[in-house]
Undergrad: 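Here's a structure for you.
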Amino acid sequence: MKTHPAAARHIFVTGGVVSSLGKGLTAASIALLLGRRGYRVRLQKMDPYLNVDAGTMSPFQHGEVYVTDDGAETDLDLGHYERFTGVPCTQASNVTAGRVYGNVIAREREGGYLGRTIQVIPHVTDEIKHYIRLLAEDGVDIVITEIGGTVGDIESLPFLEAIRQFRQEIGRGNGLFVHITLVPYIRAAGELKTKPSQQSVGVLRSIGIFPDILICRCERPMSQEHRDKLALFCNVEPKLVIEERDVAHTIYEVPLDLYRQELDVYILEMLNLHVRPIEMTDWARMVERLIRPGRGTVEIAVVGKYIALSDAYKSLYEALTHGGIANDVAVSIRRVESETLEEKGAENCLSGCHAVLVPGGFGDRGIEGKIAAIRYTREQGLPFLGICLGLQCAVIEFARHCCGLAGAHSAEFAPNTPYPVIHLMDSQISVRRKGGTMRLGSWPCHLRKDSHAYEAYRKTPIAERHRHRYEVNNAFREILEKNGLRITGLSPDGQLVEIVELANHPWFVACQFHPEFQSTPLQAHPLFTAFIAAALKTRESGKSPPHA
Ligand code: GLN
């Protein structure tokens, strides 16, 4: 057997029976535990679809597009990875079949294969293994590779074959397979059923993968009998049949649940790694605070276009929750479809809430609803946080109603507007291709010291992640500022408006970047902490607009 050059250990996570089992959360939880045992852990997601990355996919189909510091547009599972472990992901953390095939085909066109026939095995599988190895560089101890999709899907086969080969090459003690599966409760029979899991493991075994650990998602507790049965049929030790029951309150309970079952200990033992001590009290305290906050509830309205699917604003909803943890208050989210707000009016949709958030987005559907919502927060003195498109709408609203620029708009939605207060960035004018061409990733921003933003961050410059093509048109800066829009965050060269605020308003902050991507439950993002604090103030002052 060949030994692999890198000393890193590998954990491969697959999913069976159905999708949406929370593989990403489970992988992130395992990474958290191993990281807290003193190991350097890196996570990676392999997605079997043919898009080169998630950047071109609709949030309605695939949920939020997560953005890394280095500008990768990725699957939302990477958000879980970062929130649980605090370790930033990179371009190498999300690999799709589209990227893998694209590289192989490009190399073939360049003559890189010297006349050979290009095949799934070994050329595509080699390319996949290359990406697994990439993460194992620079002193990383453990790489966790999650394979997207469900075992049995046609398109995930090359990925499964690649991890089978990889483990073969590094040897048993250096890599292990974790299979996450569903143990459904059948109400009519009053029983949990293990058969789907047995069959899913059967499929894995037929392609040469023998799972070492089985993690069973279930809504009811499993008995010893279930564990023994699964252990017998799936050929794993009974103690390695781990129960992952639906959590009662929050996803942040998952690591505690797995820790209680000593999953991390078993993993380290199987990988021949020392079981170092672990500290989980801060995490447990955070979960406790989240479940039982001391200061009641604030209600935050989120006015957006992708409201129907909660995954579409995953990081945003998490960041709001984090802001709640930091303020010891529960955050209840009122999801408002911006088109509904257009029909029913801001008053009807927003009254009674303690603050309003308008998130990022693309396309003109529902834009007027967002603008109406912002006008309402401005006029009512309701705390407001605008993100990306939310900032752009705030500027449009202010231009129209406070600067006398009737018909002001974004050139994205109204190319012929007399007042294009939002327009295409210079760097975007010649861009034709769609994928990966926006202003992406982390960029520095200088803050004005007399601002809500600085009060929240307490430092300058800051660095935040971006994903946009349009920006505030500098030709309108003077008139906007003259009328009371404060530009409190700028790119280092002063050319790009990154944050705007309102003078004469309790808390109105909008940013061109996406702060939600950098928020974690242990360290809420400063803007979200300040936003929720402002909402709490509205609640306590009793000044929130009354219920309609
Ligand atoms: N559509 C806007 C732009 O491209 C906003 C993007 C966003 O909200 N992420 O600039």
Side-chain angles (χ1 to χ4, degrees), residues 53-60 62-69 71-76 78-79 302-307 309 311-317 319 338 356-371 373-374 384-397 399 408-415 417 420-443 445 464-474 476 489 491 495-500 509-519 525 527:
D53 58 39
T56 54
M57 296 169 93
S58 158
F60 274 130
H62 197 65
E64 149 189 294
V65 177
Y66 189 75
V67 180
T68 60
D69 277 335
E73 297 176 281
T74 76
D75 184 80
L76 57 79
L78 273 73
V302 175
V303 183
K305 171 176 161 187
Y306 314 114
I307 290 298
L309 182 73
D311 272 358
Y313 298 120
K314 192 92 212 162
S315 296
L316 190 87
Y317 294 147
S338 42
V356 175
L357 191 153
V358 174
F362 296 82
D364 63 352
R365 194 163 60 72
I367 283 290
E368 293 304 326
K370 292 178 186 177
I371 293 171
I374 295 168
F384 170 73
L385 179 59
I387 294 177
C388 206
L389 184 60
L391 171 140
Q392 298 175 359
C393 289
V395 171
I396 295 167
E397 192 281 319
H409 219 314
S410 163
E412 182 178 7
F413 312 123
T417 167
V421 288
I422 305 295
H423 71 167
L424 201 59
M425 274 182 278
D426 281 349
S427 57
Q428 290 288 327
I429 292 171
S430 58
V431 171
R432 293 284 168 272
R433 283 164 70 97
K434 284 277 176 273
T437 55
M438 284 187 245
R439 178 172 181 240
L440 289 168
S442 182
W443 294 92
C445 164
E464 291 284 2
R465 299 182 193 173
H466 296 69
R467 182 171 186 254
H468 64 121
R469 292 188 203 282
Y470 290 81
E471 60 160 344
V472 175
N473 185 344
N474 288 338
F476 291 92
S491 59
Q495 290 307 301
L496 294 173
V497 172
E498 299 282 27
I499 307 178
V500 301
V509 178
C511 47
Q512 186 57 73
F513 48 79
H514 290 269
E516 70 272 25
F517 294 144
Q518 293 202 84
S519 189
H525 188 284
L527 284 182

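Counting starts at 1 for both ligands and their atoms, in listed order.
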Undergrad: If I take atom CG from residue Leu389 and atom CZ from residue Phe413, how far apart are they, to the nearest 0.5 angstrom?
TA: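 So the CG of Leu389 and the CZ of Phe413 are separated by 5.0 Å.
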
Undergrad: Once you round to the nearest 0.5 Å, how far does CZ of Arg439 lie from OH of Tyr470?
TA: 15.5 Å

Undergrad: Can any side-chain N or O of Glu64 pair as donor or acceptor with the backbone N or O of Ser315 at less than 3.5 Å?
TA: yes

Undergrad: Mind jotting down which protein residues get a heavy-atom contact under 4.0 Å with ligand 1? Chain and number order, please.
TA: Gly360, Gly361, Phe362, Cys388, Leu389, Gln392, Glu412, Arg467, His468, Arg469, Tyr470, His514

Undergrad: Any chance the side chains of His525 and Glu464 put a donor and an acceptor closer than 3.5 Å?
TA: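 Distance-only check passes for His525 and Glu464.
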
Undergrad: How far does CD of Glu471 sit from CD of Gln495, to the nearest 0.5 angstrom?
TA: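 One gets 8.5 Å once the value is rounded to the nearest 0.5 Å.
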
Undergrad: Is it true that Thr437 and Arg432 share a donor-acceptor pair across their side chains at a distance under 3.5 Å?
TA: no

